[in-house]
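Each chain gets a letter, A, B and so on, in the order the sequences are listed, and its residues count up from 1.
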2 protein chains.
Amino acid sequence: MTTLSTRAEVLLKTLIERYIAEGQPVGSRTLSRHMGLDLSPATVRNVMADLEELGLIRSPHTSAGRVPTEKGYRVFIDTLLKVKPLDSGEVSKLRCEFDPSHDPQQLMECASHMLSEVSRLAGLVVLPRRDEASAFRHIDFVQLSKGRILVIIVTQDGQVHNRVITTERDYEDTELSRAANYFNDTYSGKLLAEVKQALVAEMREASDDMQRVMQLAVTMASRAFATERAESEDLLVSGESNLMDFPELGDMRKLRRLFDAFNTKRDLLQLLDQSVRAGGVKIFIGSESRYEPLADCSLVTAPYTIDGQIVGTLGVIGPTRIAYEHVIPIVDITARLLSSALSHGERGGRLESPGH
Amino acid sequence: MTTLSTRAEVLLKTLIERYIAEGQPVGSRTLSRHMGLDLSPATVRNVMADLEELGLIRSPHTSAGRVPTEKGYRVFIDTLLKVKPLDSGEVSKLRCEFDPSHDPQQLMECASHMLSEVSRLAGLVVLPRRDEASAFRHIDFVQLSKGRILVIIVTQDGQVHNRVITTERDYEDTELSRAANYFNDTYSGKLLAEVKQALVAEMREASDDMQRVMQLAVTMASRAFATERAESEDLLVSGESNLMDFPELGDMRKLRRLFDAFNTKRDLLQLLDQSVRAGGVKIFIGSESRYEPLADCSLVTAPYTIDGQIVGTLGVIGPTRIAYEHVIPIVDITARLLSSALSHGERGGRLESPGH
DNA sequence: TCTAGCACTCTCGTACGTTGAGTGCCAAGC
DNA sequence: GCTTGGCACTCAACGTACGAGAGTGCTAGA
């Protein structure tokens with residue numbers, strides 16, 4: 001692509017800024033006034049014609065102003081946008097929201113909520129898949145009623161999972177707690193994948209000469225691990241209703257599809273997973289997401305980490321016309337704050353160096 | 001109120017049925033055709049005039065048909081409606097959805113989802129408040145990292161709550177597990193309220209001669225209980241987007257308020273609590289809920305129980321124009337199924353006798 | 001290369017007439 | 001005394017027409 005003249009760049013930049021602020025096509029007259037350079041509307045029109053030819057802007061109809069195309073937004077974001085860093089007061093206010101005494105689930109709910117509140121858009125947080133990567137920490141068996149035993153599994157990162165399994169006979173509390181102790185001593189610290197594997201092996205060679213306690217623990221645990229729903233991941237969505245304030249999303253059918261997408265989650269999760277790979281903030285504009293319900297929306301995401309490992313993604317969804325220069329740092333900071341709130345390892349809870 | 005003639009009743013009934021089916025004001029001509037009786041439109045008009053005078057129907061404008069008022073719906077539901085019981089095939093299909101090996105949380109999510117799917121409206125489930133009424137069953141302490149301990153509290157009904165507390169020094173696993181054992185032996189089976197009270201007392205007279213294990217257990221538990229968020233209750237909402245299909249809720253501002261109400265939850269919870277007291281299905285029509293965002297909506301609720309004790313409410317929200325004769329049994333059955341899935345006490349999981 | 005001017009285009013809001021559905025009322029009929 | 005057909009009236013909805021305003025493209029001149 002031929003590179004733009006500085007004048008064209010300034011023009012495109014102001015046009016998009018105006019359009020983001022006002023939400024309406026901007027014409028040559030207003031543009032010539034708000035652009036720093038001293039050019040007449042006519043000149044502006046000429047430049048706009050060039051930009052239109054390049055596919056960066058378009059007019060909704062003959063005598064409206066121009067609006068940015070997706071390509072225009074893309075150029076704007078990649079080369080023209082000056083991200084305004086949040087002032088430190090803002091940051092520390094956000095930081096306060098992350099009470100480190102909350103458990104991971106709560107922290108993520110908090111992050112999602114915060115994203116939607118601060119950006120006035122819909123906030124998203126992909127929960128980490130509790131998978132082979134996380135380490136087993138603790139198990140516990142609690143008899144709830146005849147034949148029903150609650151199995152609690154805690155992973156190293158503080159996530160708690162619980163399943164109810166049914167058994168033929170009842171057990172004494174001491175029996176259960178001894179089984180749990182055995183299990184904890186044996187497997188604590190191992191990766192979940194390893195534990196599962198080990199359980200399969202143990203079950204295969206289960207024999208009468210196996211100690212009763214051992215047998216009990218292994219049987220129950222493997223049943224709990226087996227029935228563990230293949231949830232893999234989950235998505236938290238907050239502030240969907242913020243999106244109803246944008247006139248460009250006023251079409252009920254489109255809105256419906258969008259909200260259904262929030263509820264279905266599956267496709268969104270897949271999409272959000274893409275941004276896990278790259279570090280830093282990633283932006284999908286309109287059809288770039290290749291997901292029809294998001295055709296008129298933009299997605300700003302950033303991965304978050306636990307102890308340096310990327311475990312999930314968070315971000316916001318809004319119309320393509322959003323104040324990127326504000327939203328980007330919001331998503332960025334939230335990802336950092338969440339990461340540091342979740343990471344309570346030896347390295348402590350510092351913000352790592354910026355990396356957008 | 002003067003009682004209606006049978007003819008007026010039939011007319012009101014068919015009018016409302018038609019309106020529910022079509023969603024548009026119904027006029028004298030169509031009514032005279034669809035009503036079983038053989039009356040001319042003119043006669044129908046006379047009767048309609050009477051009904052209008054009684055405040056049971058009204059016309060949106062001079063030359064539209066009539067639509068039911070809230071009062072009209074009320075009479076319809078209270079005296080004219082024949083609830084169609086679900087056929088048993090339907091019921092057993094629903095019953096299958098409630099896998100009793102799920103934990104309470106999952107069961108309720110399932111119920112909410114099911115309500116919205118089957119009724120094509122928004123489904124609601126109020127989670128039981130984990131309060132004084134529920135019995136303490138089990139506690140566990142797990143050290144996650146330096147100075148951070150995960151406290152897991154299990155109640156008799158199988159709900160799992162967890163908090164992270166921070167401590168000054170680190171503990172051995174055996175130390176923690178001994179503390180948990182002590183605590184479990186002492187308090188298992190007692191009501192949470194009693195446990196809290198006992199903890200306060202223990203803390204007050206905590207002294208050096210208290211056993212170390214005891215002291216540790218009491219300190220940690222009381223910190224966990226103290227920081228327990230005053231969540232009291234929570235609300236699950238499913239299928240909100242179903243409401244976008246109803247043209248009468250097409251106004252974006254109203255819809256926005258409604259969706260905000262779903263997110264805020266607080267007021268809705270308060271409202272839903274009202275229906276806890278009475279057993280059976282309860283219906284709020286439009287402004288009867290005395291909650292502005294629900295002005296154009298109806299709420300159909302029923303309480304659900306654990307082992308005979310009412311612990312929460314579930315239901316659906318839709319426009320006032322909903323197929324009550326279908327929705328009422330759906331809510332009713334779902335409440336029963338959820339109750340029986342949650343009740344795994346001695347009495348087993350039977351459906352109790354109908355009580356609407 | 002920029003600018004002023006001008007004719008052109010298109011949306012939006014308003015006004016207006018037409019259509020059709022439905023009503024209220026009245027007088028005739030059972 | 002109910003019921004019914006007839007009739008004038010009302011009102012939303014729809015389509016057309018038209019002016020105002022905003023913005024454009026093009027051209028000629030600085």
Side-chain angles (χ1 to χ4, degrees), chain A residues 2 4-12 14-19 21-69 72 247-248 250-251, chain B residues 2 4-12 14-19 21-69 72 247-248 250-251:
Chain A
T2 108
L4 296 173
S5 70
T6 18
R7 194 169 65 181
E9 284 189 344
V10 172
L11 204 149
L12 178 61
T14 20
L15 187 147
I16 295 186
E17 281 168 356
R18 274 303 312 150
Y19 180 67
E22 309 289 342
Q24 272 167 2
V26 0
S28 54
R29 177 190 295 273
T30 43
L31 201 47
S32 87
R33 266 206 297 272
H34 288 91
M35 194 172 46
L37 313 178
D38 202 22
L39 294 177
S40 78
T43 317
V44 171
R45 282 204 285 278
N46 287 329
V47 185
M48 283 163 96
D50 297 347
L51 290 176
E52 185 153 24
E53 209 157 331
L54 288 172
L56 299 176
I57 59 179
R58 64 186 178 83
S59 31
H61 56 84
T62 319
S63 89
R66 304 303 216 289
V67 298
T69 60
E248 57 260 57
D251 179 8
Chain B
T2 108
L4 297 173
S5 70
T6 17
R7 193 170 64 180
E9 283 190 344
V10 172
L11 203 149
L12 179 61
T14 22
L15 187 147
I16 295 187
E17 282 168 355
R18 274 302 311 149
Y19 181 66
E22 308 289 342
Q24 272 169 0
V26 2
S28 54
R29 177 191 296 271
T30 43
L31 201 47
S32 86
R33 267 206 297 272
H34 288 92
M35 193 171 47
L37 313 178
D38 201 21
L39 294 176
S40 78
T43 317
V44 170
R45 282 204 285 278
N46 288 329
V47 185
M48 282 164 95
D50 298 346
L51 289 176
E52 184 153 25
E53 209 158 329
L54 288 171
L56 300 176
I57 59 179
R58 65 186 178 82
S59 32
H61 56 83
T62 319
S63 87
R66 304 303 217 291
V67 297
T69 61
E248 58 260 58
D251 179 8

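OP1 or OP2 of C:dC2 has at least one side-chain nitrogen or oxygen of A:R7 nearer than 4.0 Å. Listed pair B:R66 / C:dT23 meets the phosphate criterion, a side-chain N or O lying under 4.0 Å from OP1 or OP2.
Straight-line distance from the CE atom of B:M48 to the P atom of C:dC25: 14 Å, rounded to whole Å. Per the geometry, CD belonging to B:Q24 stands 17 Å off P belonging to C:dG20, to the nearest Å. The interatomic distance linking A:L31 (CG) with C:dT3 (C1') rounds to 16 Å, in whole Å. Rounded to a whole Å, the CD1 atom of A:I57 is 14 Å from the C1' atom of D:dG25. Atom CZ in A:R58 sits roughly 16 Å away from atom P in C:dC10 (whole-Å rounding). Rounding to whole angstrom units, CG of residue B:N46 and P of C:dA27 are separated by 15 Å. Protein atom CG of B:D50 is 11 Å distant from nucleotide atom P of D:dT3, rounded to whole Å. Distance CG (B:D38) to P (D:dT3): 12 Å, rounded to an integer number of Å.
Not one N or O on the side chain of B:S59 forms a donor-acceptor pair closer than 3.5 Å with the backbone of B:T62.
Distances from the side chain of B:H61 to the nucleotides D:dC11, C:dA4, D:dG5 place D:dC11 closest. Of the candidate nucleotides C:dC6, D:dC7, D:dT4, D:dC7 has the atom nearest to the side chain of B:R45. Closest to the side chain of B:S63, out of D:dC11, C:dT23, C:dC2, is D:dC11. With distances taken from any side-chain atom of A:T43 to the nucleotides D:dG6, D:dG5, C:dT3, the minimum falls on C:dT3.
Using a 4.0 Å heavy-atom criterion, one finds that A:A42 contacts the bases of the nucleic acid, with or without backbone contacts as well. Using a 4.0 Å heavy-atom criterion, one finds that B:T62 contacts the sugar-phosphate atoms exclusively.
The structure places CG of A:L56 at 12.0 Å from CE of A:M48, a figure rounded to the nearest 0.5 Å. Atom CZ of residue A:R58 and atom CG of residue A:L51 lie 14.5 Å apart, to the nearest 0.5 angstrom.
Residue A:Q24 places its CD atom among 12 or fewer non-hydrogen atoms of other residues, nucleotides or ligands, all under 6.0 Å distant.
Looking at heavy atoms from C-beta onward, A:L31 lies out of side-chain contact with A:R66 at the 4.5 angstrom threshold.
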